Chemist: 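After the structure tokens below, expect a handful of questions from me.
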Protein chains: 2
Amino acid sequence: MTEPLRLGVAGLGNVGTGLARLLLRQGNALSVRAGRGMRLAAYSARKSRDGMAEVAGARFHDDAAALASAGDIDVFVELIGGAGGVAFEAVKAALRRGLPVVTANKAMLAEHGLELAALSEAHDAPLFYEAAVGGGIPVIKTLRESLAGNAIERVSGILNGTCNYILSKMEQERLPFDACLAEAQRRGYAEADPTFDVGGFDTAHKLAILASLAFGSKIDSSAVAVEGIESIAPADIAAADELGFRIKLLGVAERTPHGVEQRVAPTMVEKGAPLAQTMGVLNAVSIVGDAIGELTLVGPGAGGDATASAVAADLVDVARGARLPTFGRPVATLTEADRVPLQRHEGGYYVRLTVVDRPGAMAAIATRFGDRMISLEAIMQKRATREWAEAGVVPVVLMTHGTSESSIRDALARTVEEGVVRERPQVIRIEREAV
Amino acid sequence: MTEPLRLGVAGLGNVGTGLARLLLRQGNALSVRAGRGMRLAAYSARKSRDGMAEVAGARFHDDAAALASAGDIDVFVELIGGAGGVAFEAVKAALRRGLPVVTANKAMLAEHGLELAALSEAHDAPLFYEAAVGGGIPVIKTLRESLAGNAIERVSGILNGTCNYILSKMEQERLPFDACLAEAQRRGYAEADPTFDVGGFDTAHKLAILASLAFGSKIDSSAVAVEGIESIAPADIAAADELGFRIKLLGVAERTPHGVEQRVAPTMVEKGAPLAQTMGVLNAVSIVGDAIGELTLVGPGAGGDATASAVAADLVDVARGARLPTFGRPVATLTEADRVPLQRHEGGYYVRLTVVDRPGAMAAIATRFGDRMISLEAIMQKRATREWAEAGVVPVVLMTHGTSESSIRDALARTVEEGVVRERPQVIRIEREAV
């Protein structure tokens, strides 16, 4: 057996300490599987924040860049996070030295993935990042290796545990968004500033990574159309339930006749579909390929131990000397990411309106939809509650047949202009088949 | 770019022609991903049966052993099937030459896996077999690579599409087993002699492979306790439905205090659990590890194209020069497979009895269960139909709390001896949590 692989781990937060625990617990088994020992040789951490003061037998660096340049490591493990700054500089330094890099940093990959892939290629230093998307779910390996024989048609998933926890809780306990967000913050599932998660941006970063792997395009998170979950109201959750759907924040990248469309948005998913069954902090990814048909992976999308499991898998690949192009193929063959406007959506849309209770209001709305050639599958108007009645409005839910995003937005803009609705109309895409 | 990888493909059945199609369709993309071209250089097929008479530019061999010894191939792809015979001899010949082997043959691995692993190791000729379990689902790679950092606690799954199709159809159309089997045969999902599938033996082969990978044991399909689905009656399907369960043929390998237990049996799975959602010819595998928690993979378990997708992934690994121990670690470190009697089952059992309609019959049954310290969670006795009444019997369903297989079998044997039940009692394990 060759010399043990010497790990240099930058960052001892949740994932870093999870990795240290995993090495203590599974070190021997890992060595047997990797054909080579593994040893935490050096690490860096912010003393002020990171808990683990000392790792026995490992050298401490107070700065990640110094660690990445250290002579006594064989692989640089970046668990600091953040798109740029310290993490990015240290990873570049490691790659330039020809050192393999393992990272869990999706923001860095989403923003600088192409540059890193080129560096990796130029210096023959592989870059592994299983932990960056879907926590413990092996979605990177699945797309980069297992589905190499497929033309991928679609990748979709629930990629943010915070949002899924909030939406699940809203449904299960019929609580409003704010209360569920506060509970997620209490449990440590959401940051003090939750914008990045609930605004859909974290999902967009992860989707951009998957889309690059799936479609061979240059990673570009600015090509993703993003909508968050902040506007989802209990009324939407209740209507979805009644209609046989569940609302999930989905990231979807799919091949259309006009190019690959990438979008993140709250979506109505049929209750029977695998993605609808994914509750709480679980993540799920569904991939459609020409040979395989549909493959779905469900597992823990976050958590120190589950994410460390993904980091450990990458380390075994490094120990075995695996060499893979960062995005599954040489950088020179990656195409520009498409920027296609959102296409006609065959599943149709759910629209919830607060309609002014006066004669002709519904007729005006129906006319606007008709003008845009949008045909309605269902119209639901419930008896108004006392509150609604006092406010002189009635809540109306419409379900449309397949139509385009622009037609819907346009019809609603006209409806709003005419003053027949109050509040911002709610619009949610519907996925009809198993997604 | 180096010379193309020359494939020697033995067998042009369903999977072989699927692979040929995939290479035609995706050959260029595969080359870009693998960093090396791929070419079907030679093949063997039974002229009498296999459809494709000629593959352009490839040399034809009328015997697989000759193909495995041919000088003009870089990898031997075995798609013949069958535990021994031609396939086994050809694979051994290829490994002895140091040629990498890709196979879809679960029966051969289940029966001769250890010998093949030793040959692979001795001749530094890697053996890949993603297509052997779960069709297109990348479960081999997931266990062998992605979960390398985990102590696996449990692997369970729906691994046979034929059985799952039959059970799904029995539920959806309320038809008896025989009618659904006949329909499966008409659709080509079941063989003329269906014993191997419906008797649970195919699932046992696949489970043995997964158990070896998961627990580092010498593959031994004779260590699997096997029950098939032939005895499942419409009454069981209906009772399961009423109780909130679905009956699935599960393969389960799990660590118990007495060793790893391996079993294949029809099982009641809660309708909300991911495995219960897996209908028709889909397969699903759920893996529990100490770091990752639970991971579930769902996808097509059979079909030429989906299985060819798995073969193609293995070929990319071969093209990249990947070297992995056959069962994830060196043969010398594999332990003997445990042979533990079925343990106490915390989920309890479903028992359906045809009770003789006479005073004291139920008391006799309850006494026998009480003798064995089996506590009952529920007893359901419906009004007898006219048929039942005329036969002088009543159908009774019991649900027990956690108990052991031997206690249940024992209590039922006594009950049968006393003549208070007619027909063989039906016994099905219940899985209470998400499996």
Side-chain angles (χ1 to χ4, degrees), chain A residues 18-19 21-23 25-26 29-30 32-35 130 135-138 141-142 144-151 216 272-274 277-278 284 286 289-300 303 305-306 308-313 315-317 320-325 328-330 333, chain B residues 18-19 21-23 25-26 29-30 32-35 130 135-138 141-142 144-151 216 272-274 277-278 284 286 289-300 303 305-306 308-313 315-317 320-325 328-330 333:
Chain A
L19 178 63
R21 275 197 304 274
L22 189 151
L23 290 170
R25 214 168 49 220
Q26 292 294 323
L30 260 186
V32 171
R33 286 172 167 279
E130 185 62 82
I137 302 173
K141 198 178 258 292
T142 294
R144 195 156 68 152
E145 303 178 35
S146 297
L147 299 181
N150 287 260
Q277 308 294 324
T278 305
S286 184
D290 64 343
I292 197 173
E294 184 165 15
L295 176 70
T296 304
L297 315 178
V298 183
D305 288 332
S309 163
V311 172
L315 289 173
V316 170
D317 278 350
R320 287 200 186 111
R323 286 273 184 284
L324 284 155
R329 45 198 122 191
T333 68
Chain B
L19 179 63
R21 275 197 305 275
L22 188 149
L23 289 169
R25 213 170 50 223
Q26 291 294 323
L30 260 187
V32 172
R33 285 171 166 280
E130 185 62 82
I137 303 173
K141 199 179 257 291
T142 294
R144 195 155 69 151
E145 303 177 35
S146 297
L147 299 182
N150 286 259
Q277 308 292 326
T278 306
S286 182
D290 64 343
I292 197 174
E294 184 164 15
L295 176 70
T296 304
L297 316 178
V298 183
D305 287 333
S309 162
V311 172
L315 289 172
V316 170
D317 278 350
R320 284 200 187 113
R323 285 275 183 285
L324 283 157
R329 43 199 123 190
T333 68

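Computed from a predicted structure; not experimentally measured. Protein chains get the first letters and strands the later ones, always in sequence-line order, with residue 1 at the start of each. Hydrogens, waters and symmetry mates are skipped; everything else that's a heavy atom, side chains included, is used.
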Chemist: Mind ranking Ala284(B), Ala148(B), Gly135(B) by heavy-atom pairs under 4.5 Å with chain A and telling me who comes out on top?
Modeler: Ala148(B)
Chemist: Go through Gln26(A), Arg144(A), Arg329(A), Arg323(A) and name the one with the most non-hydrogen pairs under 4.5 angstrom from chain B.
Modeler: Gln26(A)
Chemist: Could you tell me which of Ala310(A), Gly272(A), Gly328(A) has the largest number of non-hydrogen atom pairs under 4.5 Å with chain B?
Modeler: Gly328(A)
Chemist: Which atoms form the tightest heavy-atom contact between Pro330(A) and Val32(B), and what is the distance?
Modeler: CD-O, 3.6 Å
Chemist: What part of Arg320(A) is in contact with chain B, defined as an atom under 4.5 angstrom from a non-hydrogen atom: side chain, backbone, both or neither?
Modeler: side chain
Chemist: Could you look at Leu297(B) and say if it's the side chain, the backbone, both or neither that has a heavy atom under 4.5 Å from chain A?
Modeler: both
Chemist: Only pairs of heavy atoms separated by less than 4.5 Å count here; which of Leu324(A), Val311(A), Thr333(A) has the most with chain B?
Modeler: Leu324(A)
Chemist: Pick one of side chain, backbone, both or neither for Ala322(B), based on which atoms fall under 4.5 Å of a heavy atom in chain A.
Modeler: neither
Chemist: Looking at Leu23(B), Leu22(B), Val316(B), which one has more heavy-atom pairs under 4.5 Å with chain A than the rest?
Modeler: Leu22(B)
Chemist: Chain A heavy atoms under 4.5 Å from Arg25(B): which part of the residue, side chain, backbone, both or neither?
Modeler: side chain
Chemist: Among the options Pro300(B), Ala29(B), Pro325(B), pick out the one with the most heavy-atom pairs lying under 4.5 Å from chain A.
Modeler: Pro300(B)
Chemist: If you compare all heavy atoms of Ser309(A) against all heavy atoms of Ile292(B), which two are closest, and at what distance to 0.1 Å?
Modeler: OG-CB, 4.0 Å
Chemist: Which bit of Ala313(A) comes within less than 4.5 Å of chain B, counting heavy atoms only: side chain, backbone, both or neither?
Modeler: both
Chemist: Sort Leu295(A) into side chain, backbone, both or neither according to what part of it lies under 4.5 angstrom from a heavy atom of chain B.
Modeler: both
Chemist: Looking at Ala306(A), Ala312(A), Gly299(A), Ala291(A), which one has more heavy-atom pairs under 4.5 Å with chain B than the rest?
Modeler: Ala291(A)
Chemist: Sort Ala151(B) into side chain, backbone, both or neither according to what part of it lies under 4.5 angstrom from a heavy atom of chain A.
Modeler: both
Chemist: Between Ile137(A), Leu147(A), Asp290(A), which has the largest tally of heavy atom pairs under 4.5 Å with chain B?
Modeler: Asp290(A)
Chemist: Check each atom of Glu145(B) against the heavy atoms of chain A and say whether the ones under 4.5 Å are side chain, backbone, both or neither.
Modeler: both
